[in-house]
Number of protein chains: 2
Amino acid sequence: MRIGELAQVAGTTAKTLRFYEDQGLLLPAARTASGYRHYGPEILARLDFIHRGQAAGLTLAQIRQILQIRDSGTAPCDHVRELLDIRLAEVDEQIAELGRLRETIGQLRTAAEHVQPETCQAGAVCAYL
Amino acid sequence: MRIGELAQVAGTTAKTLRFYEDQGLLLPAARTASGYRHYGPEILARLDFIHRGQAAGLTLAQIRQILQIRDSGTAPCDHVRELLDIRLAEVDEQIAELGRLRETIGQLRTAAEHVQPETCQAGAVCAYL
DNA sequence: CTTGACCTTCCAGTGTAGTGGAAGGTTGAG
DNA sequence: CTCAACCTTCCACTACACTGGAAGGTCAAG
């Protein structure tokens with residue numbers, strides 16, 4: 001499979017595949033005599049893994065780490081569990097923070113509802129933000 | 001007030017103040033004969049406004065827009081209300097999305113709990129991600 | 001008068017995950 | 001043989017809000 005075909009099958013772009021290789025997420029592809037990359041179908045599992053990792057909100061750096069453990073011959077189970085725990089805690093924190101932000105903005109918006117333009121004439125930029 | 005002093009009083013850095021001026025958030029500061037910026041105390045209300053806007057999750061571009069309306073002599077009330085509404089919807093959407101992500105990751109983590117390393121030996125990168 | 005803290009401008013880099021485009025080589029169908 | 005469609009590398013750029021550092025000018029205390 002050439003890079004464009006793989007990109008189409010995997011639902012990405014040739015540009016992104018080269019980028020992934022560059023970033024160490026894909027091992028350097030085999031080349032034809034003329035320098036074209038060519039791939040076997042087993043690469044699809046790796047790309048699917050990358051996509052699943054992204055769907056779970058892992059960074060490419062984290063995904064690369066898992067792949068490198070895998071490539072070194074070790075099962076990355078423990079590391080993956082650890083990353084999922086970290087990610088879970090991060091998401092919980094983000095949700096909590098956004099909840100607080102929502103509260104703040106909601107209050108500002110409520111206060112802004114009943115303000116007359118005249119009140120805005122003060123020296124401040126805006127009375128209710 | 002010189003820029004360093006203002007930065008300290010306002011809880012920011014001189015670098016950031018120059019950046020804000022550059023970005024159009026602060027009007028060009030008056031200069032001394034030798035080229036030093038100097039500020040009156042009224043600048044503090046503007047900086048506080050910028051900080052409140054950031055705390056509400058507005059981008060500097062949005063804050064600049066409000067300030068420019070203000071600077072043009074119009075009360076920015078309507079625009080601020082509109083921005084708060086948009087921001088509220090964005091935050092709600094982000095919270096919803098993070099909730100879905102949390103669900104996904106939680107399920108992956110639960111599934112990963114009871115996996116034996118041997119299961120990882122399959123051709124795939126990782127059985128449970 | 002010197003020294004150190006302050007100020008000036010300008011250029012470059014941070015992190016994330018790519019995207020855009022130029023310049024040039026290869027492939028395969030007609 | 002030609003031509004479009006594909007491939008290659010390399011460099012620059014996106015958004016966001018700054019931050020770092022170089023090179024040089026200014027100010028105030030001692």
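Only heavy atoms go into these numbers, but all of them, side chains included; no hydrogens, no water, no symmetry mates.
Residues of residues 25-36 of chain B that place a heavy atom closer than 4.0 Å to DNA chain D, in numerical order, are B:Ser34, B:Tyr36.
Look at CZ on B:Arg18: it is 13 Å from P on D:dG20, rounded to the nearest Å. The separation between B:Leu47 atom CG and D:dA17 atom C1' is 15 Å, rounded to whole Å. Summarising the geometry, the separation between OH on A:Tyr39 and P on D:dC6 is reported as 16 Å, rounded to the nearest angstrom. Atom CZ of B:Phe19 is separated from atom P of D:dA15 by 13 Å (rounded to the nearest Å). For the pair B:Arg64 CZ and D:dA15 P, the computed distance is 12 Å after rounding to whole Å. Atom pair A:Asp22:CG and D:dC11:P shows a separation of 12 Å (rounding to whole Å applied). A:Leu60 places its CG atom 11 Å from the P atom of C:dT19, with the value rounded to the nearest Å. In this entry the distance linking CG of B:Leu17 with P of C:dT9 reads 13 Å, nearest Å.
When each of B:Thr16 and A:Arg37 is assigned the nucleotide of DNA chain D with its nearest heavy atom, A:Arg37 is the one assigned upstream, toward the 5' end. Closest-nucleotide positions on DNA chain C for B:Lys15 and B:Arg2 were compared, and the one nearer the 5' end corresponds to B:Arg2.
A donor-acceptor contact shorter than 3.5 Å links the side chain of B:Gln62 to the backbone of B:Thr59. The backbone N or O of A:Gly106 sits less than 3.5 Å from a side-chain atom of A:Thr110, completing a donor-acceptor pair.
Shown here is B:Gln8, whose CD atom has no more than 12 heavy atoms of other residues, nucleotides or ligands within 6.0 Å.
Between A:Thr13 and the phosphate of C:dT19, there is a side-chain N or O to OP1/OP2 separation shorter than 4.0 Å. Applying the 4.0 Å criterion to OP1 and OP2 of D:dC18, one finds that B:Gln54 has a side-chain N or O inside that range. Within the structure, a side-chain polar atom (N or O) of B:Tyr20 is placed less than 4.0 Å from OP1 or OP2 of D:dC18. At D:dA15, none of the side-chain N or O atoms of B:Gln23 fall inside 4.0 Å of OP1 or OP2 (strictly under the cut-off).
Ionic pairing of A:Asp92 and A:Arg87 is not present here: no N-O contact between side-chain nitrogen and carboxylate oxygen is shorter than 4.0 angstrom.
To the nearest 0.5 Å, the span separating CD on A:Glu97 from CG on B:Leu98 amounts to 10.5 Å.
A:Gln107 and A:Glu103 form a side-chain donor-acceptor contact under 3.5 Å, judged by distance and modelled atom types alone.
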Could you pull out all donor-acceptor pairs under 3.5 Å where a side-chain atom in residues 34-43 of chain A meets a protein atom, sequence neighbours excluded?
residue	atom	partner	partner atom	Å
A:Ser34	OG	A:Thr32	OG1	3.1
A:Arg37	NE	A:Glu21	OE1	2.9

